[in-house]
Chemist: 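Mind having a look at this structure? Questions to follow.
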Amino acid sequence: MTGTELIPAPRDLLRNDAGYISLHAETGLEAGPGTEGVARWLRATLGAATGLPFPEAPGARGRIVLAIDPILPPEGYRLVVDEFPVLIQGGSAAGVFYGAQTLRQLLDPDAFRRAPVRPGQDWDLPHITIEDSPRFAWRGLMLDVARHFLPKDQILRHLDLMAAHKLNVLHFHLTDDQGWRIEIERYPRLTEVGSWRARTKFGHRASPLWEEKPHGGYYTKDDIREIVAYAAERHISVVPEIDIPGHSQAAIAAYPELGNTDVIDTTSLTVWDTWGINKNVLAPTDNTLRFFEGVFEEVLELFPSTFVHIGGDECAKDQWKESAGAQARIRELGLSDEDELQSWFIRHFGNWLTARGRRLIGWDEILEGGTTEVGLAAGAAVSSWRGYAGGITAARAGHDVVMCPEQQVYLDHRQDGGPDEPVPIGFVRTLEDVFRFEPVPSELTPDEARHVLGTQANVWTEVMEDPARVDYQTYPRLAAFAEVAWSWLPAPAERDFADFERRMTVHYRRLDALGVGYRPPSGPRPWQRRPGVLGRPIEGAPPNV
Ligand code: ACM
């Protein structure tokens, strides 16, 4: 192995000559001003894997020097391995951090373990010069912890995995019909009631079966503080999502007055136990607005991110059409229909966030009431999920966009057409399909394209009932996605997938060292297969179960 099988691929890589240098117990690690956090991370990570101490004092056998060079792009870095010292210079601490991540990939994949496995192992670095910087500023992963709760340790682990792939935004989908996952002190029932459901639909929503077992969990405020701080140490921003006014049955189950009480008896609602689009949406009342302002006040205290996601997707309008209260509100505000009522609701929170120095981001349905006047608040951004269309409309209207079209980067969709695929829903989206995903649609002019902040892969967990399924669906496709988000790839048809696969042969060993339960190129391992739901064959079930 040459040590140059990097993922995501760097912008420029020059193998200076065929030589190597080796890290030793005496190799020092020197942190220039502003890079102390990266040095802590590198010493802890490489120190654990190699058993080497990386002393701060200049080592007798060379050293690694971290430094900020403001000439470089903010997230860019230069990495030079020739003679000692090894130099990692970044445009900011984030750039130095990405250089340190690349340094780890230049070593044997055992550098990704948490303890040495071969005493006396050589830690060779190839003579190399790398100049690198990301194509996109927003390189995201959305984790849906509402449909199936992921314990905090898993979130910390996913943050480490994201950082290893140079991703920098965790879009944290914290609430949905099936669960409320964040402690809100002024509304304790959100978690007392809203974080547990009595049972869960097995597999696809057309499945005839439920797992008759309670499922739930939530993050305390200290858990969230820890997650946010852990992410920040890895130069990842955590964007919280509180999904309103649809996808809110868990909140309504906890506080029935939030629902359309003039249409249904909301006191009979429980945390939802199946999947799909739910008709039980928030009532557009002052009480609802005040309630969620209270929620967002606590959310803003916990999350320093510029963007706050308010969902806005799949808000069924059936109850608003029937509700005398909602119809009165439409008349009183001079709106023309329920879509505009939704826009009014979203715009309220857009303005509320703007007044607090934050920016709203929502799913592309927030465009349905138009992009002006009653529509989107200035500064609001859009997550384009129903294909590229929403993103194109938003960018043309001057709104920023994160491209995450379902057809390309929804990682709950199956990765192979074969019968053994454990999560047999949706389109077949292979590793190569993700590798050939292009976030910037050709319809946009260069000026409009500047509004594409970047891209994210979305991991919806309806059919991922445990952390192993999340690993399987997410990897290796997230490695291809990271290359799309970071690397300066040519147009999709010109991308060199064979070269990506060549680099992946080493990357799989890194993922093995990290303990990731990815889908192997040859197909699922026996224990990853799902002949029926959760391993049980189902008599008479529809094919998508
Ligand atoms: C979504 O997939 N409902 C955003």
Side-chain angles (χ1 to χ4, degrees), residues 138 140-148 150 169-181 201 203-206 239-251 272 274-282 307-318 339 342-343 345-346 349 360-369 376 380-394 399-414 423 425-427 429 434 437 439 452-464 470 473-474 477-478 481 544:
W138 183 301
L141 172 67
M142 190 215 74
L143 283 178
D144 166 14
V145 293
R147 271 49 177 276
H148 280 100
L150 277 175
V169 179
L170 172 65
H171 171 165
F172 209 11
H173 184 79
L174 285 163
T175 71
D176 215 303
D177 297 308
Q178 297 85 359
W180 183 282
R181 306 285 176 226
K201 175 61 70 89
H204 188 270
R205 63 176 171 270
V239 173
E241 180 182 353
I242 304 294
D243 199 350
I244 52 175
H247 287 282
S248 294
Q249 183 163 318
W272 210 24
T274 186
W275 319 120
I277 299 181
N278 188 321
K279 292 198 168 82
N280 296 307
V281 305
L282 298 177
F307 284 100
V308 174
H309 208 291
I310 49 70
D313 57 322
E314 299 177 323
C315 177
K317 303 297 183 317
D318 310 56
D339 285 342
Q342 150 130 346
S343 280
F345 187 93
I346 298 295
F349 286 101
L360 174 147
I361 182 164
W363 299 109
D364 57 54
E365 288 94 331
I366 67 173
L367 295 162
E368 282 174 354
L376 270 193
V382 170
S383 308
S384 188
W385 76 276
R386 295 177 302 174
Y388 291 95
I392 292 171
T393 304
H399 290 279
D400 287 340
V401 174
V402 175
M403 281 292 182
C404 49
E406 173 171 22
Q407 292 77 358
Q408 280 81 10
V409 285
Y410 267 33
L411 301 187
D412 50 333
H413 290 226
R414 57 195 305 166
V423 183
I425 65 158
F427 320 108
R429 286 298 170 258
V434 174
F437 163 57
V452 180
L453 298 178
T455 179
Q456 66 182 38
N458 292 343
V459 174
W460 299 102
T461 58
E462 286 96 328
V463 292
M464 295 176 218
V470 175
Q473 290 304 112
T474 307
R477 290 185 294 184
L478 200 69
F481 173 79
N544 248 359

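Everything numeric in this text was worked out from a predicted model, so none of it was measured. All ligand and atom numbering here is 1-based and tracks the order in the structure.
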Chemist: Just which atoms of ligand 1 are under 4.0 Å from any heavy atom in Glu314?
Modeler: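 Near Glu314, the atoms of ligand 1 are 3 (N).
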
Chemist: Under a 4.0 angstrom heavy-atom cut-off, which atoms of ligand 1 come close to Trp460?
Modeler: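 It comes down to these atoms of ligand 1: 1 (C), 2 (O), 4 (C).
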
Chemist: Which pair of non-hydrogen atoms, one from Gln407 and one from Arg386, has the smallest distance, and what is that distance?
Modeler: OE1-C, 4.4 Å

Chemist: What protein heavy atom sits nearest atom 2 (O) of ligand 1, and how far off is it?
Modeler: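 Ranked first by proximity to atom 2 (O) of ligand 1 is Tyr410 OH, 2.6 Å.
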
Chemist: Would you say His171 and Phe307 make side-chain contact, with heavy atoms under 4.5 Å?
Modeler: no

Chemist: Below the 3.5 angstrom mark, is there an N/O of Asp313, backbone or side chain, next to an N/O of ligand 1?
Modeler: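 There is such a contact, yes.
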
Chemist: Looking at every non-hydrogen atom in both residues, tell me the closest pair between His399 and Val401 and how far apart they are.
Modeler: O-CG2, 3.6 Å

Chemist: Between Gln178 and Glu462, is any pair of side-chain heavy atoms under 4.5 Å apart?
Modeler: no

